[in-house]
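The structure appears right after this line, and notes come after that.
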Amino acid sequence: MGRPRVIVTRRWPAAVEEALAARFDTRLNADDHPFTGEEMAEALRSADALCPTVTDSLGANLFRPGMRVRIVGNYGVGYNHIDVAAARRQGIVVTNTPGVLTDCTADLAMTLILMCARRAGEGERELRAGEWTGWRPSHMVGSRVTGKTLGIVGMGRIGQATARRARHGFGMRIACYSRSPVPRAVLDELQAKQVSELDELAAHVDFLSLHCPVTPQTHHLIDARRLALMRRTAYLINGSRGPLVDEQALADALASGRLAGAGLDVYEREPEVCDVLPGLDNVVLLPHMGSSTAETRDAMGMRVVENLDRFFAGEEPPDICV
Ligand code: DGY
């Protein structure tokens with residue numbers, strides 16, 4: 001066999017594109033246009049490896065018998081956009097990029113916590129609009145972060161990294177809810193307690209931060225009922241996946257003052273955002289940029305390269321999605 005044929009669906013960091021081109025017969029996406037369904041289907045038919053990103057939808061309908069693709073090397077840790085079971089039925093391996101974006105994504109969760117509690121977006125908008133009239137005791141009064149309770153939903157790598165920053169950097173108290181038991185050593189280090197009911201966590205924390213994947217079980221995990229359980233002074237933070245939250249219900253809670261605020265990096269129907277949210281001052285809205293640092297974006301790409309290298313060398317790639 002000659003060099004494996006690899007198709008990349010978006011522009012990737014230059015160093016990663018070079019690494020791919022050096023190893024494989026690589027087709028890059030020079031103008032960075034989002035692939036249509038037909039382009040995706042053609043890529044699956046004609047390449048040995050397809051390298052999509054988290055915005056490419058690869059549903060069951062795309063994985064048909066007789067395709068050439070053997071591996072889908074996803075650029076991203078989340079893979080809810082790929083029907084992994086359907087791929088597996090066609091003998092296709094799907095890989096992701098865990099580990100390398102933990103710190104940056106946790107940093108962004110802290111950014112959202114600080115921005116919404118301290119009204120940073122609102123303050124900057126006021127200043128840029130030329131509306132700042134000077135210091136006064138009653139101006140832009142937010143909520144203190146130090147000493148407050150942070151509830152983490154999903155204590156995987158990113159949930160733990162966020163909790164560590166909050167506990168050791170900001171003296172926050174940590175509580176968490178997770179599918180599986182969090183190791184005792186982790187809870188001890190964070191002086192954290194794990195609760196068995198999400199409702200209990202939602203009702204008792206000052207900040208509720210989501211760090212779990214989206215699955216049929218976690219879709220709209222935070223709905224109108226759970227939002228109503230939260231304290232009126234609480235903030236919801238979502239840097240994980242948009243569909244974890246019923247966005248319209250959140251917009252209603254924020255607009256009515258039922259919830260103090262929210263910090264969002266992800267949305268239900270990206271890149272669309274529920275039209276109420278941009279008009280509200282008590283929500284911080286970022287454009288899905290948790291992993292967006294030069295170092296991390298390079299590392300994500302190199303992780304894909306490693307998965308492909310190992311796969312085409314006849315070995316098991318390190319990051320197989322199950
Ligand atoms: C991921 O990797 O899943 C992020 O959402 C994008 O970096």
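Fair warning: this is a prediction, and the values are worked out from it, not measured in the lab. Sequential numbering from 1 along the given sequence is applied to the chain's residues. In each ligand, atom 1 is the first atom listed, and ligand 1 is the first ligand listed.
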In a simple table, one pair per line, please give the protein and ligand 1 atom names for every N or O pair closer than 3.5 Å, along with the distance.
{"from": "ligand 1", "atom 1": "2 (O)", "to": "Val77", "atom 2": "N", "distance (Å)": "2.7"}
{"from": "ligand 1", "atom 1": "3 (O)", "to": "Val77", "atom 2": "N", "distance (Å)": "3.4"}
{"from": "ligand 1", "atom 1": "3 (O)", "to": "Gly78", "atom 2": "N", "distance (Å)": "2.8"}
{"from": "ligand 1", "atom 1": "3 (O)", "to": "Arg241", "atom 2": "NH2", "distance (Å)": "2.7"}
{"from": "ligand 1", "atom 1": "5 (O)", "to": "Arg241", "atom 2": "NH1", "distance (Å)": "2.7"}
{"from": "ligand 1", "atom 1": "5 (O)", "to": "Arg241", "atom 2": "NH2", "distance (Å)": "3.4"}
{"from": "ligand 1", "atom 1": "5 (O)", "to": "His288", "atom 2": "NE2", "distance (Å)": "2.7"}
{"from": "ligand 1", "atom 1": "7 (O)", "to": "Ser291", "atom 2": "OG", "distance (Å)": "2.6"}

Closest non-hydrogen atom pair, Asp83 against Ala60
OD2-CB, 3.4 Å
Is the shortest distance from a Lys or Arg side-chain nitrogen in Asp103 or Arg157 to a carboxylate oxygen in the other one below 4.0 Å?
no
Is His219 atom NE2 crowded by more than 12 heavy atoms from other residues, nucleotides or ligands, each under 6.0 Å away?
yes
Is Glu42 paired with Arg27 through a side-chain N to carboxylate O contact shorter than 4.0 Å?
yes
SB check Asp48 Arg70 (cutoff 4.0 Å)
no
Considering only Ile, Leu, Val, Met, Phe, Trp and Tyr, and joining two whenever side-chain heavy atoms are under 4.5 Å apart, list the other residues clustered with Trp135.
none
